[in-house]
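Excluded from the calculations below are hydrogen atoms, water molecules and symmetry mates; all remaining heavy atoms, backbone and side chain alike, are included. Computed from a prediction, not measured in an experiment: that's the story for all the values here.
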Amino acid sequence: MAVIMLQSWSDSLKEAKKTALLQDGKRKVHYLFSDGKEMVEEYDVKTDDLTVRKWRKKSTLGAQGPWEVEVGDTSPVLTSEPHVIMESSSNPVLMRKDTKTSFQWRVRNLPYPKEVYSISVEPEERCCVIRTTNKKYYKKFSIPDLDRCRLPLESSALSFSHANSTLIVSYQKPREIVSLEQDLLRELKKIKATSEGDTDCRTQ
């Protein structure tokens, strides 16, 4: 089943309509899938690291929905509107920032020592869970990349570290994902990228 789903996701990526833009040291790629969903990815041109991935789908009435960030900074855009309620800047903030070999999440504003944290995999719920023994923080998060390919979650792939009030959780990418990402990057580099701005990409 996992092999079939992995191939299905790989085929979806290949068949999607793609446009690329080189801007500010980033390779920005816009995908339009056959079901109408859109995905935007940004890669660092020098390192080929993925820095942003976000999704958008249409509502049941056909209107464009909001962008949902999967990888990259999820901090709300600052606004000068006085009536807008903002989250406190001291609250813990979870964001995903991958490496070539690991899915990685950073939780800022967690000052507690490393021994307070417990990170586990919940295979049946297909998620990872961060807990603290002092009951100050609890967070569930999924790994969409594994869900799309129906790959199992393995406890042995999970590790974490803590420094400068930031908890860093890493999940080692399965070799199937590493291979898929390498193949995709080779394909993306073949796309003729504009530097002036494709309408789709410029607005991402």
Check the orientation of Tyr117 and Phe160. Use parallel for under 30°, tilted for 30 to 60°, and perpendicular for over 60°. perpendicular
Side-chain H-bond candidate by donor/acceptor type, Asn134 with Thr132, under 3.5 Å: yes
Would you name the heavy atoms of Thr51 and Tyr43 that are closest together and state the gap between them? OG1-N, 4.3 Å
Can you tell me if NZ on Lys100 sees more than 12 non-hydrogen neighbours from other groups inside 6.0 Å? yes
Could you please spell out the steps behind the side chain to side chain contact (heavy atoms under 4.5 Å, CB included) verdict for Ser142 and Asp147? CA-CA 8 Å; Ser142 62; Asp147 292 342; 4.0 Å; yes
Result of checking Arg126, Arg53, Arg150 against Asp145 for salt bridge (Lys or Arg N to Asp or Glu O under 4.0 Å): Arg53
Is the closest basic N to carboxylate O distance between Glu122 and Lys140 below 4.0 Å? no
So Arg96 and Pro144, do their side chains get closer than 4.5 Å, heavy atoms only? yes
For Ala20 and Ile191, the nearest pair of non-hydrogen atoms, with its separation, is CB-CG2, 3.9 Å
Would you check, one step at a time, whether the test side chain to side chain contact (heavy atoms under 4.5 Å, CB included) holds for Lys189 with Asp48? CA-CA 10 Å; Lys189 288 184 175 181; Asp48 288 335; 2.8 Å; yes
Do the charged groups of Lys173 and Glu181 touch, with an N to O distance under 4.0 Å? yes
Nearest heavy-atom neighbours spanning Val107 and Pro92: CG1-CB, 4.0 Å
Test Met39 against every option in Leu13, Val29, Leu32 by the side chain to side chain contact (heavy atoms under 4.5 Å, CB included) rule and name the one that passes. Leu13
Are any side-chain N or O atoms of His30 and backbone N or O atoms of Leu21, one a donor and one an acceptor, separated by less than 3.5 Å? no
Compare every heavy atom of Trp9 with every heavy atom of Cys149, then report the nearest pair and how far apart it is. SG-CD1, 3.8 Å
Between the side chain of Asn164 and the main-chain N/O of Thr166, is any donor-acceptor distance below 3.5 Å? no
Around atom CG of Asp11, are there more than 12 heavy atoms of other residues, nucleotides or ligands at under 6.0 Å? yes
Check the surroundings of atom NZ in Lys18: do more than 12 heavy atoms from other residues, nucleotides or ligands lie under 6.0 Å from it? yes
Where does the angle between the aromatic ring planes of Phe103 and Trp105 fall among parallel (under 30°), tilted (30 to 60°) and perpendicular (over 60°)? tilted
Minimum heavy-atom separation for Leu146 and Pro174, please, with both atom names. CD2-CG, 3.7 Å
Just verifying a value: how many Å separate Tyr31 OH and Glu38 CD, rounded to the nearest 0.5 Å? 13.5 Å
Closer than 3.5 angstrom, by distance alone: can the side chain of Asn109 be matched with the main-chain N or O of Asn91 as a donor-acceptor pair? yes
N/O donor-acceptor pair under 3.5 Å between Ser8 side chain and Ile4 backbone: no
Validation row: Ser10, Asp183 side chains within 4.5 angstrom (heavy atoms): no
Quick one, Tyr112 with His162, criterion side chain to side chain contact (heavy atoms under 4.5 Å, CB included). Give me CA distance, side-chain angles, the key distance, then yes/no. CA-CA 9 Å; Tyr112 321 113; His162 185 269; 5.8 Å; no
